[in-house]
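Below is one structure, written out as structure tokens; comments come after it.
Since the model is a prediction, treat every value here as computed from it, not as a measurement. Throughout, protein chains are lettered first and strands after them, A, B, ... in sequence-line order, and every chain is numbered starting at 1.
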Amino acid sequence: MHGVNRMKILKQAVEDEVAAALAGAGVEGELANLLGPATVEEHGDLAVPCHSLAPILKRSPVDIAELITSELAPALSGIAEVSAVSGFVNIKAEPAWLATSLSELLLDERLGVSTENPRVAAVDYSSPNVAKEMHVGHLRSTVIGDAIVRMLIHKGHTVYRENHVGDWGTPFGMLIEHLLDLGEDNAADELGMGDLDGFYKQARAKFNTDEMFVERARNRVVMLQGGDDETLRLWRVLVDESMRYFNEVYSMLGVLLTNDDIMGESNYHHLLPEVVSRLDNLGILEDSDGAKVVYPGGWVNREGEPLPLIIQKADGGYNYATTDLACIIDRVERLGCNDLLYVVGTPQSQHFKMVFEVAKQAGLMDKSHIANHIKFGSVLDSDGKILKSREGEAIKLVDLLNESVVRAEQTIAQRNPSIEGEQRIEIAKAIGIGAVKYADLSTERTKDYIFDWDRMLSFEGNTSPYLQYAYARICSIFRRSKVHTPLRDVSPIIIEHAEEALLARRLVNFSSMVDEALYTYSPHRLCTYLHSVASAFASFYENCPVLSAEDDEIRMSRLALCDLTARTLSTGLSLLGIDCPEQM
RNA sequence: GGGCGCGUAGCAUAGCCUGGAUAAUGCACCGGCCUCCUAAGCCGGGGACCGCGGGUUCGAAUCCUGCCGCGUCCGCCA
């Protein structure tokens, strides 16, 4: 079945009558729960497959469907047409019902999207490393995490954005020493300019070849962890300059993250001994060659021995599992979170499963807490390999975004030369950045996807430019119409043509598709839906003249359809973090 | 070796959780449509033994199971 035609609104409107009709035929209880979305759009919106009833009622599915249909059809008059086809009862929304539903949506600023009992959620996403370049690997986490945050907020939840920046650990000895070698000012300039790659590589190169440097780096790590003031000050310079640069990327990308959302690894430092003592007090901490570990059970290593989660290394240092447990303590106990969401790549799946398991065993989370690893696949090139630059290095995220904007600008210059200057640049940003984000959001997130400029920037297919184009066309209609939007009270809405009906039945589904996308943390479901709306609108646009409609009533009705479509597209895209320009 | 995930037209993807009717969408391909609201579009057409084999079911792309292929992870990096 095509996932966009779920018609939950219609289901709510008819389910009592359907249950009554089934009861009339002698079907009750679990078995009566057969009403679902139709799989073939031409047959209807909803269907009751009667095949499983045959052995109980001792009649053929065809007979049963006809019996129920004759019962149900009069009851649903004015709401939906009911017909029996080869053992299915098909229910298809009537134009009058669609019209009424659209009138209600038109009055509702939220387009039918309800707010829920508020939960408190921490969303852990983006997580770049200080003094290291952001690359496409960070793109997915940042874009998907941001869309989920926006949907959660829209549904009325309290959301803590948690940017778990890599700002601590042994590499910082090396980085600080390199900072000193360059001179603070020079180094800060280099980092502030966004040349993070160069800085990190120079430091790494020295570390690999210069023994004196290695010694200095080691000492510096000790000083950093010992809380030496001057070392901490230098560390702060690295962090601040990197964050300045990351914020530029976030701004270019149009995500919600700000400095307030930074919760780097260093913030949990004080909780690490606490993690150890809590685990120790529970008696689940064990010694393994001097390291302190927990065996959550259920995992084995290559040799078939139990696989531990390492809490404290033999040298006394901590590693990431400990920090992740400290995060859980912080989010549960300080922030009062119900939901802990981690937008992190699939390769870390086992790590999170183990961490969550240990957190449960240690009582850091109870039944009221839901920890969820929102995993995602890799970005591949056209050969199916991890996307890299020509030189075989990770592609800088800024380069990628800039190229997308440049490509978009070239297309605008070519297609619509009347748009010039600053306006063209602004529109190019919306299209170029939107295309990259949409390409990332529109595929099922757990799968890898293939990065392809031509496809994502195409104005055809399931792309953001196609959706933005539909929106821009509607804006153009309203500019010419001299009618002010948003329209609120339009009556009657007239659903006569097939194209009007198709658009209407898609628009009615917005709220349930938002719910479904959020419930499964799957922004791509919202994308698929929005594309179906834009596609239905394009057919409507070709076949149903708006401004030159036969009469004023139809003209207003069609303007209302346009307005609802525009609001659905712009609200939907904004939930994904994508802008829609009024012209393109 | 073990864990996890993936395999759907030439290509790229939905659909799988929650089993239903002719497997959907886009690109590419073929054929139509601009004195008319943005043709960056629309309409029509061809193209798939849903990796392979078993099982459950009235019914399987969907659930279970075995195999094949690919990816990924498997103790002191994050």
Side-chain angles (χ1 to χ4, degrees), chain A residues 1-4 34 36 38-43 47 49 51-52 54-55 61 85-88 90 127 129 164 166 168-171 265 288-293 298-315 317-321 323-324 344-351 353 375 377-378 380 382 384 386 411-412 414-416 431 442-444 446-450 452 454-455 458-463 465-466 468-470 472-481 520 524-525 527-528 531-532 535 538-539 541-543 545-549 558 562 583-584:
Chain A
M1 98 113 229
H2 201 219
V4 299
L34 288 168
T39 50
V40 183
E41 209 163 29
E42 299 84 69
H43 285 151
H51 312 81
S52 60
V85 180
S86 60
F88 291 86
N90 290 315
S127 312
N129 292 309
H164 195 70
W168 202 253
T170 48
E265 290 164 0
S288 170
D289 299 331
K292 292 176 180 171
V293 305
W299 288 276
V300 294
N301 66 12
R302 268 182 242 279
E303 284 72 45
E305 297 155 350
L307 191 65
L309 196 64
I310 294 167
I311 303 300
Q312 190 168 23
K313 298 186 279 188
D315 68 4
Y318 302 97
N319 56 350
Y320 61 116
T323 307
D324 282 333
V344 179
T346 302
Q348 292 196 47
S349 181
Q350 179 178 303
H351 165 72
K353 278 184 185 162
K375 56 196 89 156
S378 308
L380 307 178
S382 54
I386 300 283
T411 311
I412 298 166
Q414 191 185 328
R415 306 276 187 178
N416 197 345
I431 294 175
S442 60
T443 61
E444 209 274 312
T446 62
K447 293 189 181 177
D448 297 344
Y449 79 92
I450 294 176
D452 181 336
D454 292 335
R455 186 164 353 105
S458 165
F459 300 89
E460 298 168 356
N462 188 12
T463 66
Y466 180 80
Q468 289 166 324
Y469 178 54
R473 283 170 129 184
I474 296 170
C475 291
S476 174
I477 289 175
F478 278 104
R479 277 195 299 274
R480 289 164 187 274
S481 74
T520 56
H524 85 279
R525 289 180 186 238
C527 295
T528 306
H531 176 252
S532 80
S535 171
S539 296
Y541 181 89
E542 295 289 333
N543 294 291
V546 178
L547 298 178
S548 56
R558 288 183 180 164
C562 286
Q583 290 181 58
M584 60 188 277

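- One atom, CG of A/Asn90, and another, P of B/rG20, lie 14 Å apart when rounded to the nearest Å.
- Comparing A/His43 and A/Pro347, the nucleotide of RNA chain B nearest to each residue sits closer to the 5' end for A/His43.
- Regarding A/Glu265, its CD atom lies at a distance of 14 Å from the P atom of B/rC77, rounded to whole Å.
- Using atom P as the reference point in both B/rG3 and B/rC64, the two lie 16 Å apart (nearest Å).
- You'll find that the side chain of A/Thr443 is closest to B/rU13, out of B/rA21, B/rU13, B/rC16.
- Looking at A/Ser458, its side chain does come within 3.5 Å of a backbone N or O of A/Glu460 through a donor-acceptor pair.
- Comparing B/rG75 with B/rC49, their P atoms are spaced 42 Å from each other, to the whole Å.
- Here the side chain of A/Ser481 pairs a donor or acceptor atom with the backbone of A/Phe478 at under 3.5 angstrom.
- At whole-Å resolution of the value, CD1 in A/Ile450 and P in B/rG71 are 14 Å apart.
- Partners of A/Glu303 under the side-chain contact (heavy atoms from CB on, under 4.5 Å) rule, at least two apart in sequence or in another chain, are A/Asn301, A/Glu305.
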Under 3.5 Å between N/O atoms: give me all the protein pairs with nucleotides 40-43 of chain B, atom names plus distance.
{"from": "B/rA40", "atom 1": "N6", "to": "A/Met584", "atom 2": "O", "distance (Å)": "2.9"}
{"from": "B/rG41", "atom 1": "OP1", "to": "A/Phe459", "atom 2": "O", "distance (Å)": "2.3"}
{"from": "B/rG41", "atom 1": "OP1", "to": "A/Glu460", "atom 2": "N", "distance (Å)": "3.2"}
{"from": "B/rG41", "atom 1": "OP2", "to": "A/Glu460", "atom 2": "OE2", "distance (Å)": "2.7"}
{"from": "B/rG41", "atom 1": "O2'", "to": "A/Arg473", "atom 2": "NH1", "distance (Å)": "3.1"}
{"from": "B/rG41", "atom 1": "O2'", "to": "A/Arg473", "atom 2": "NH2", "distance (Å)": "3.2"}
{"from": "B/rG41", "atom 1": "O2'", "to": "A/Glu542", "atom 2": "OE2", "distance (Å)": "3.1"}
{"from": "B/rC42", "atom 1": "OP1", "to": "A/Tyr466", "atom 2": "OH", "distance (Å)": "2.7"}
{"from": "B/rC42", "atom 1": "O4'", "to": "A/Glu542", "atom 2": "OE2", "distance (Å)": "3.4"}
{"from": "B/rC42", "atom 1": "O3'", "to": "A/Ser539", "atom 2": "OG", "distance (Å)": "3.4"}
{"from": "B/rC43", "atom 1": "OP1", "to": "A/Ser539", "atom 2": "OG", "distance (Å)": "2.6"}

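- Applying the ring-ring contact (aromatic ring centres under 6.0 Å, His included) rule to A/Tyr318 yields no partners; only residues at least two apart in sequence or on another chain are considered.
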For nucleotides 1-10 of chain B, give me every protein contact, N/O to N/O, under 3.5 Å, one pair per line with atom names.
{"from": "B/rG7", "atom 1": "OP1", "to": "A/Lys447", "atom 2": "NZ", "distance (Å)": "3.0"}

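- Base pairing in RNA chain B gives the following stems of 3 or more Watson-Crick or G-U pairs, range against range and under 3.5 Å: B:1-7 with B:68-74, B:10-13 with B:24-27, B:29-33 with B:41-45, B:51-55 with B:63-67.
- Nucleotides B/rA61 and B/rG19 have their P atoms positioned 14 Å apart, rounded to a whole Å.
- Separating the NE2 atom of A/His351 from the C1' atom of B/rU72 is a distance of 16 Å, rounded to the nearest angstrom.
- With sequence neighbours left out, the side-chain contact (heavy atoms from CB on, under 4.5 Å) criterion links A/Ala549 to A/Ile554, A/Arg555, A/Arg558.
- Between the P atoms of B/rA28 and B/rA40, the separation comes to 14 Å (whole Å).
- Using a 4.0 Å heavy-atom distance criterion, A/Leu547 is classed as a base contact.
- Taking atom CZ of residue A/Arg455 and atom C1' of nucleotide B/rG26, one finds them 9 Å apart after rounding to whole Å.
- Within 4.0 Å of A/Ala470, counting heavy atoms only, lies no atom of the nucleic acid at all.
- Scanning for side-chain hydrogen bond (donor to acceptor under 3.5 Å, both in side chains) contacts around A/Asp452 gives A/Arg455, with sequence neighbours left out.
- A/Gln312 comes within contact range of no nucleotide atom at all, as no heavy-atom separation falls under 4.0 Å.
- Base orientation of B/rC34: syn, the glycosidic angle falling within 90° of 0.
- With sequence neighbours excluded, the residues satisfying side-chain hydrogen bond (donor to acceptor under 3.5 Å, both in side chains) with A/Thr520 are A/Ser522.
- Side-chain nitrogen and oxygen atoms of A/Arg525 include none within less than 4.0 Å of the OP1 or OP2 phosphate oxygen of B/rU13.
- Distance check on atom P: B/rU65 versus B/rC11 gives 30 Å, rounded to whole Å.
- Using a 4.0 Å heavy-atom distance criterion, A/Ser52 is classed as a base contact.
- If you check distances only, the side chain of A/Thr39 does reach the base of B/rA21 with a donor-acceptor pair under 3.5 Å.
- B/rC27 atom P lies 14 Å from atom CG of A/Asp454, rounded to whole Å.
- Residue contacts for A/His531: at a heavy-atom cut-off of 4.0 Å it reaches the sugar-phosphate backbone alone, with no base atom in range.
- Nearer to the 5' terminus of RNA chain B, by closest-nucleotide assignment, is the contact made by A/Val85 (compared with the other of A/Gly290 and A/Val85).
- Put simply, the side chain of A/Thr463 gets close to the backbone of A/Tyr466: a donor and an acceptor are under 3.5 Å apart.
- Rounded to a whole Å, the CG atom of A/Asn462 is 12 Å from the P atom of B/rU13.
- Of the C1' atoms belonging to B/rU56 and B/rG5, the separation is 25 Å, rounded to the nearest Å.
- Rounded to whole angstrom, the span from the CG atom of A/Leu309 across to the P atom of B/rC73 amounts to 18 Å.
- Residues satisfying the side-chain hydrogen bond (donor to acceptor under 3.5 Å, both in side chains) test with A/His43, not counting sequence neighbours, are none.
- In this structure, the side-chain contact (heavy atoms from CB on, under 4.5 Å) partners of A/Lys375, at least two apart in sequence or on a different chain, are A/Thr346, A/Ser349, A/His373, A/Thr446.
- Contact of the A/Asn416 side chain with the A/Gln583 side chain is not registered, since no non-hydrogen atoms from C-beta on lie closer than 4.5 Å.
- Here, B/rA24 and B/rC34 have their P atoms 30 Å apart, quoted to the whole Å.
- Taking the side chain as every heavy atom from C-beta outward, A/Gln350 and A/Leu307 approach each other to under 4.5 Å.
- For A/Tyr469, the ring-ring contact (aromatic ring centres under 6.0 Å, His included) test picks out no residue, with sequence neighbours left out.
- Comparing the C1' positions of B/rC29 and B/rG10 gives a spacing of 10 Å, expressed to the nearest Å.
- Within the 4.0 angstrom heavy-atom criterion, base atoms lie near A/Gln348.
- Side-chain nitrogen and oxygen atoms of A/Arg480 include at least one within less than 4.0 Å of the OP1 or OP2 phosphate oxygen of B/rU38.
- Remark: A/Tyr449 engages A/Leu139, A/Arg140, A/Val379, A/Asp440, A/Thr443, A/Phe451 in a side-chain contact (heavy atoms from CB on, under 4.5 Å) (not counting sequence neighbours).
- Dashed line: the shortest gap from a side-chain N or O of A/Ser476 to OP1 or OP2 of B/rU38 is under 4.0 Å.
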